[in-house]
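Residues: numbered from 1 along the sequence shown.
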Amino acid sequence: MQNLTKKQKLVFDFINNYRTENGISPTIEEIRKKLKLKAVSTIHEHIKTLEKKGYLSKNNNSARDITPKKETRTIIDIPIVGKIAAGKPIEAIENFQENIAVFNPAIKNKKDYYALQVVGNSMIEEGIFDGDTVIIKKQSSAENGQTVVAIIDDNEATLKKIYREKNRFRLQPRNPNMLPLFRNEVEVRGVVIQVLSNILNKPEKKITKKIKHGFKTIDLFAGVGGIRLGFEKAGFNTVFSNDFDEKCKLTYDLNFKKSKLIVEDIRKIGIDDLPKFDFLLGGFPCQAFSIAGYRQGFNDKKGRGNLFFDIARILEARKPIGFLLENVKNLKSHDNGKTFETIQKTLEGLGYYLRIKVLNSMEYGNIPQNRERIYIVGFKNKEYCEKFEFPKPVKLSKKITDLLETNVPEKYYYNGKPLYPRLKNFIKDKNRVYQWRRQYVRENKSGVCPTLTANMGTGGHNVPIVKDKKGIRKLTPLECARIQGFPANFKLPNIADSALYKQLGNSVSVPVIEAVAKQMKKAMLN
């Protein structure tokens, strides 16, 4: 084998990966589209070169017969016996007279298998599209949730997921716009074991167009727009914003010229009030679950815990492509895990596939703040979810001292104030952040800022304190914005500091949100 150029290796790797994922080789046109090359002739030249170098063989009589010579898997010809409806049932006719070459180590005896061409789009959320070919293992029974070839009524065939209920069968489509079929009797003719994709029939152009023009998002529990900022930096487009706090609107509208904040109780927002959108974003209220609050969860007397179900209400009605939800780390352990179990089951019951992880701002956003938050990513499309990966950790290079202001007004200093004598003997290092814990001072040993909270400006016990050349002081609102990763051009309105502290403490670390958003976009592109 001879060495390959970068472009030749790209072609060879794509062919191998395509065959692994789809069981057949790509066409020349599919290779061209994937590699974004203008001329088909260029792909032909690469294929010829790879043949000469001994990497693959090409049968010019077949569009898909490109075989890597390094491949050791056995090619098995499976007969295509007809079409199968992934939509309305169609008459079961077996009249095809051709085979399809399949790569699948699990297939030992081809007599136990057959292939069908798919007609319709009822299984798109399962990754089965109109024009695809499905490989079926012959069997007359199936487990709940398996995708089967089912014969119903007068010899009509349909491709659906099967579920046994009390006195009937439910044949469930995987398309949110289609209803299930219920039958007392169903004849199972086999179970789907492999899907051979017809890539050209997948809705790739639609997704590519959305990515080009920006997926539309709605920003719920928006606060001052931290989640929005992160997603817009990743190329998403905000079309609706909502929060209950009127003071947040002053900050939000100062920084965003379009889709200004609508101040309203989310429980009063009707589904028809929302524009069309692709993703729902929400850092839903965390006070009901936070270790710093009363941890009442869904039983929160102010109803903040139950606001999650308004998210579920919107997801159920609009069925967007996906969502990102953010909350405190302790959401997962609240009420011995029962609260989170309810949330997870609710989201999965709405047809979403989930990825969940706790990320710390100091590890994933290059932000010197010890802020652990749980991120829940959901996709309607199983393939997108499987491709999604949370961002990898990044080295923390920023220091608190890099984000501090140089000319801070006197009102932020404790010098000469009643608390000063209790602080001066403990706060000595200019490179560290301290906390006043109501009765004592705690030094942050890691050199980063402790979690910013909403009660910083109201005499709360988590007030971050620093020492500079002028004395001992608390962080300013602008410094808190910087420690949350807001950009330098983010503006703060001329309102009470207590309101600004609350807004920034309730917000998110923008770089972490941006990193997650980019990974969500990447999962849909690849």
Side-chain angles (χ1 to χ4, degrees), residues 217-234 236 238 241-256 259-261 263 266 281-290 292-293 304 307 324-329 331 358-362 364-376 398 403 448-458 460 462-464 474-493 495-517:
T217 66
I218 60 171
D219 190 17
L220 304 182
F221 312 103
V224 295
I227 292 181
R228 172 176 178 166
L229 263 177
F231 270 79
E232 289 190 349
K233 283 175 174 288
F236 291 73
T238 310
S241 306
N242 168 252
D243 198 276
F244 186 69
D245 190 338
E246 292 184 1
K247 291 182 180 178
C248 282
K249 183 173 176 62
L250 298 173
T251 308
Y252 198 99
D253 290 359
L254 187 63
N255 290 282
F256 301 103
S259 297
K260 293 183 179 294
L261 193 69
V263 179
I266 192 172
L281 313 176
F284 59 105
C286 64
Q287 293 93 332
F289 307 109
S290 175
R304 295 169 298 188
L307 294 179
L324 171 74
L325 304 179
E326 180 263 5
N327 211 290
V328 292
K329 174 186 177 182
L331 174 65
V358 173
L359 304 178
N360 193 324
S361 298
M362 61 187 281
Y364 291 88
N366 192 20
I367 294 294
Q369 181 189 175
N370 182 28
R371 188 182 192 87
E372 292 181 295
R373 287 294 185 268
I374 191 168
Y375 295 85
I376 307 171
K398 291 182 182 177
L403 304 178
V448 301
C449 182
T451 304
L452 299 180
T453 64
N455 65 6
M456 291 184 294
T458 57
N462 284 324
V463 180
K474 60 184 176 182
L475 295 176
T476 69
L478 180 59
E479 290 169 337
C480 291
R482 290 174 177 175
I483 293 170
Q484 284 284 44
F486 282 86
N489 62 354
F490 192 81
K491 303 168 187 170
L492 298 179
I495 59 176
D497 282 346
S498 58
L500 293 176
Y501 281 126
K502 179 181 178 182
Q503 291 173 10
L504 294 165
N506 277 336
S507 191
V508 297
S509 295
V510 178
V512 180
I513 297 291
E514 180 184 357
V516 174

- Item | Side-chain (Asn366) to main-chain (Met362) donor-acceptor, under 3.5 angstrom | no

- Task: Grab the two heavy atoms, one from Glu479 and one from Leu403, that are nearest each other, plus how far apart they are.
- Result: CG-O, 3.8 Å

- Item | side chain to side chain contact (heavy atoms under 4.5 Å, CB included) between Arg371 and Leu452, intermediate numbers included | CA-CA 8 Å; Arg371 188 182 192 87; Leu452 299 180; 3.9 Å; yes

- Indicate yes or no: at least one non-hydrogen side-chain atom of Tyr364 is less than 4.5 angstrom from one of Val516. no

- Message: Strictly distance-based, threshold 3.5 Å: is any side-chain N or O of Glu372 a donor or acceptor partner for the main-chain N or O of Val358?
- Response: no

- Ignoring hydrogens and angles, tell me if any N or O in the side chain of Asp243 forms a donor-acceptor pair with the backbone of Ala222 under 3.5 Å. yes

- Query: Is a side-chain N or O of Ser259 found less than 3.5 angstrom from the main chain of Ser241, in a donor-acceptor match?
  - Reply: no

- Message: Check whether Lys249 reaches the backbone of Asp245 with its side chain - one donor and one acceptor, N or O, closer than 3.5 Å.
- Response: no

- Query: Would you say the side-chain atoms of Asn242 pair up with the backbone N or O of Leu220, donor to acceptor, closer than 3.5 Å?
  - Reply: no

- Message: Quick one: does any side-chain atom of Arg373 pair with a main-chain N or O of Val508 as donor and acceptor, under 3.5 Å?
- Response: no

- Task: Taking the side chain as every heavy atom from C-beta outward, state whether Phe256 and Glu232 have any atom pair closer than 4.5 Å.
- Result: yes

- Got Asp497 and Leu500 here, is their nearest side-chain heavy-atom distance under 4.5 Å? yes

- Message: Looking at every heavy atom in both Leu475 and Cys480, which two are closest together, and how far apart are they?
- Response: CB-SG, 4.0 Å

- Single hit among Leu359, Leu281, Leu324 for side-chain contact (heavy atoms from CB on, under 4.5 Å) with Ile513: Leu324

- Task: Decide yes or no on side chain to side chain contact (heavy atoms under 4.5 Å, CB included) for Phe486 and Leu229, but give the supporting numbers first.
- Result: CA-CA 8 Å; Phe486 282 86; Leu229 263 177; 3.5 Å; yes

- Note on the structure: For Gln369 and Ser361, the nearest pair of non-hydrogen atoms, with its separation, is O-CB, 3.7 Å

- Query: Excluding sequence neighbours, so at least two apart, what forms ring-ring contact (aromatic ring centres under 6.0 Å, His included) with Phe236?
  - Reply: Phe215, Phe231, Phe279

- Shortest non-hydrogen separation from Thr238 to Asp219 and the atoms involved: CG2-CB, 4.2 Å

- Query: Are the side chain of Gln503 and the backbone of Val224 linked by a donor-acceptor contact shorter than 3.5 Å?
  - Reply: no

- Task: Applying salt bridge (charged side-chain N to carboxylate O under 4.0 Å, His left out), name anything that partners Lys247, two or more places apart in sequence or on another chain.
- Result: none

- Query: Gly223 and Leu261: which non-hydrogen atoms are nearest, and at how many Å?
  - Reply: O-CD2, 4.1 Å

- Under 3.5 Å donor-acceptor, Asn506 side chain and Ala454 backbone: no

- Task: Classify the side-chain pair Gln484/Ser509 by whether it contains a donor and acceptor separated by less than 3.5 Å.
- Result: yes

- Query: Are Tyr252 and Lys260 close enough that some pair of their side-chain heavy atoms sits under 4.5 Å apart?
  - Reply: no

- Item | Asn327 (side chain) donor-acceptor with Phe284 (main chain) under 3.5 angstrom | yes

- Query: So do the side chains of Ile483 and Pro464 get within less than 4.5 Å of each other, counting heavy atoms only?
  - Reply: no

- Task: Might you point out which heavy atoms bring Pro477 and Tyr501 nearest each other, and give the distance in Å?
- Result: CD-OH, 3.7 Å

- Less than 4.5 Å apart, any side-chain heavy atom of Asn360 and any of Asn370? yes

